[in-house]
J.: 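Quick one: the structure is below, questions incoming.
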Protein chains: 2
Amino acid sequence: MTQPGETTSYRDIKRTVLERIRSGTWRPDTLLPNEQELAVEFSCTRTTVNRALRELAEEGFLERRRKAGTRVLSAPQRQARFTIPLVRDEVEAGGGQYRYALVSAELQPAPEWLSARLQLRAAQEVMHVRCMHYSSNTPFQYEDRWIVAESVPQVAQADFSATGPNDWLVQTVPFTNVELTFLASRADATLAGFLDMPEGEPVFTAERTTWLQGRPVTFAKLYFGAGYRMTTQI
Amino acid sequence: MTQPGETTSYRDIKRTVLERIRSGTWRPDTLLPNEQELAVEFSCTRTTVNRALRELAEEGFLERRRKAGTRVLSAPQRQARFTIPLVRDEVEAGGGQYRYALVSAELQPAPEWLSARLQLRAAQEVMHVRCMHYSSNTPFQYEDRWIVAESVPQVAQADFSATGPNDWLVQTVPFTNVELTFLASRADATLAGFLDMPEGEPVFTAERTTWLQGRPVTFAKLYFGAGYRMTTQI
DNA sequence: CAGTGGTCTAGACCACTCG
DNA sequence: GAGTGGTCTAGACCACTGA
């Protein structure tokens with residue numbers, strides 16, 4: 001397989017293993033030879049085999065357990081990976097010209113549903129920001145966001161007239177934990193107005209809840225314009 | 001930092017690096033010390049540092065380039081990772097009892113829109129399968145799927161009365177390439193009937209197009225029942 | 001308890017790319 | 001051209017876990 005003078009790389013091994021799975025040489029549930037044996041077969045070190053198999057396991061093709069060995073997964077755990085872009089990047093990637101517009105921004109006591117959701121104290125102060133993102137003047141996304149003032153005190157002085165709250169947060173509170181949810185919701189009158197669609201239309205919606213070391217930072221509802229599709233290759 | 005007798009693991013390094021980023025010690029765009037220097041600091045080998053930084057780069061925190069070095073990304077490229085479960089697993093994970101029901105399955109010439117989408121020859125034969133997935137007898141998902149007979153000849157003999165086409169395909173044609181799209185669509189009369197919801201309701205929808213080494217295998221529209229949410233932690 | 005993968009060391013050569 | 005990360009080798013010890 002490997003010519004003299006060539007070295008076997010972990011990529012070669014990954015490719016070969018995948019091919020054996022695809023071709024049915026190693027069917028689902030098959031136990032692979034152990035790393036030592038594969039190292040001999042591929043004439044490389046166990047380290048190299050290890051890296052190949054480790055990555056394949058991480059990609060959802062194999063299952064590895066000490067002592068039990070490495071097994072072909074019966075149903076490959078395919079994972080969709082979405083990179084979450086900033087809205088501006090997403091618009092520009094689509095060939096549009098990005099424009100931002102603030103709708104409203106005000107400090108207010110958290111509504112009850114938000115307090116429940118983020119485990120806030122009753123009526124804790126939050127900054128409520130609503131804004132629009134346009135792609136070449138076509139409505140792209142309506143954003144409805146709450147930022148917990150106690151967790152991000154600077155928010156009281158923040159100016160969202162030119163910059164969106166997400167951009168601001170990324171600069172101010174980087175590296176948070178995020179819970180992301182996708183759903184289909186229904187355009188009410190307000191939303192239909194902002195997104196320029198008939199009332200009652202389905203709207204692709206994302207909800208992002210963000211925490212910084214256990215403390216709630218922000219909750220955002222992102223409503224995407226008509227025809228929005230989120231696509232990924234696996 | 002490391003006590004004598006302890007070894008520094010790549011996990012320790014990852015944690016420390018993340019902490020320095022979080023705390024602002026290494027701000028966005030900062031150039032990190034090179035691997036050799038970090039190896040000295042952490043008193044370990046460059047190999048170990050390499051693994052730590054490589055993984056952090058893959059997770060979207062760092063950018064690495066030869067000669068240029070390793071840099072903190074200004075906007076961390078957070079990635080959402082969804083594991084795509086089999087419907088049955090998804091239902092059972094939600095505590096429901098899974099039930100499958102075939103609606104129809106017939107060989108037919110591909111409709112024009114499908115031929116265009118999958119680059120088929122005109123009127124090429126496809127198996128059209130429609131079926132329902134229930135969670136404890138509540139509609140969970142309506143599946144509308146086309147399977148290209150030329151790419152999967154066995155489909156002509158397949159029996160979808162007891163097993164869903166996805167289960168069958170996973171067994172028959174594993175390890176394909178997939179394009180996955182999420183969108184919000186609108187329940188027409190048929191869909192509203194199957195999913196037991198009022199007509200016109202928003203429906204969370206996934207489209208999966210599957211290829212095997214460049215040849216189109218299947219296209220599926222998956223319509224999820226009322227209130228469906230797809231959630232992930234990042 | 002024995003077999004398997006998980007990880008680390010020490011050293012080397014190489015590929016890429018910035019200046 | 002020279003500095004950086006990318007990868008491989010050879011060997012070792014260890015953690016976990018199945019039989």
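What you see is a predicted model, and the numbers here were worked out from it, not measured in a lab.
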J.: For the side chain of A/Tyr10, starting at C-beta, report the closest nucleotide among C/dG5, D/dT7, C/dT9.
T.: D/dT7

J.: Which whole-number value in Å describes the distance from B/Glu37 CD to D/dG3 C1'?
T.: 11 Å

J.: With a non-hydrogen cut-off below 4.0 angstrom, is B/Arg71 in contact with a base, only sugar-phosphate, or nothing?
T.: nothing

J.: Report the distance from atom CG of B/Leu38 to atom P of C/dC8, rounded to the nearest whole Å.
T.: 15 Å

J.: Rounded to the Å, how far apart are A/Leu31 CG and C/dG3 P?
T.: 15 Å

J.: So which heavy atom on A/Arg15 is nearest to which on A/Asp12, and how close?
T.: NH2-OD1, 3.0 Å

J.: Taking the nucleotide of DNA chain D with the closest heavy atom to each, which residue, B/Glu35 or A/Arg65, is nearer the 5' end?
T.: B/Glu35

J.: Tell me whether B/Arg64 is salt-bridged to B/Glu35, with the criterion being a basic N under 4.0 Å from an acidic carboxylate O.
T.: yes

J.: Give a yes-or-no answer on whether the side chains of A/Ser135 and A/Thr138 include a donor-acceptor pair shorter than 3.5 Å.
T.: no

J.: Of the listed nucleotides (C/dT9, D/dA10, C/dG3), which one gets closest to any side-chain atom of A/Arg66?
T.: C/dG3

J.: The side chain of B/Lys67 is closest to which nucleotide in this list: D/dG11, D/dA2, C/dT7?
T.: D/dA2

J.: Whole Å only: how far is the CG atom of B/Leu32 from the C1' atom of D/dG3?
T.: 16 Å

J.: Once you round it to whole Å, what is the distance between P of D/dG5 and CD of B/Glu58?
T.: 17 Å

J.: Of the candidate nucleotides C/dG5, C/dC8, D/dG6, which contains the atom at the shortest distance from the side chain of B/Thr48?
T.: C/dC8

J.: Looking across every strand, which nucleic acid part, if any, lies under 4.0 Å from B/Thr47 by heavy atom: base, sugar-phosphate, or nothing?
T.: base

J.: Please pick, from C/dG6, C/dA15, D/dT7, the nucleotide with the shortest atom-to-atom distance to any side-chain atom of B/Arg46.
T.: D/dT7

J.: Give me the ring orientation class for A/Phe140 and A/Phe224: parallel if the planes are under 30° apart, tilted from 30 to 60°, perpendicular past 60°.
T.: perpendicular

J.: Between A/Glu55 and A/Arg51, is there a side-chain N and carboxylate O pair less than 4.0 Å apart?
T.: yes

J.: Please check the phosphate of D/dG5 (OP1 and OP2 only) for any side-chain N or O of B/Asn50 closer than 4.0 Å.
T.: no

J.: Output the rounded distance in Å from CZ (B/Arg11) to C1' (D/dC14).
T.: 14 Å

J.: Mind calculating the distance between CD (A/Gln36) and C1' (D/dA10) to the nearest angstrom?
T.: 11 Å

J.: Taking OP1 and OP2 of D/dT4, is either one under 4.0 Å from a side-chain nitrogen or oxygen of B/Thr70?
T.: no

J.: To the nearest Å, how far apart are B/Arg54 CZ and D/dT4 P?
T.: 19 Å

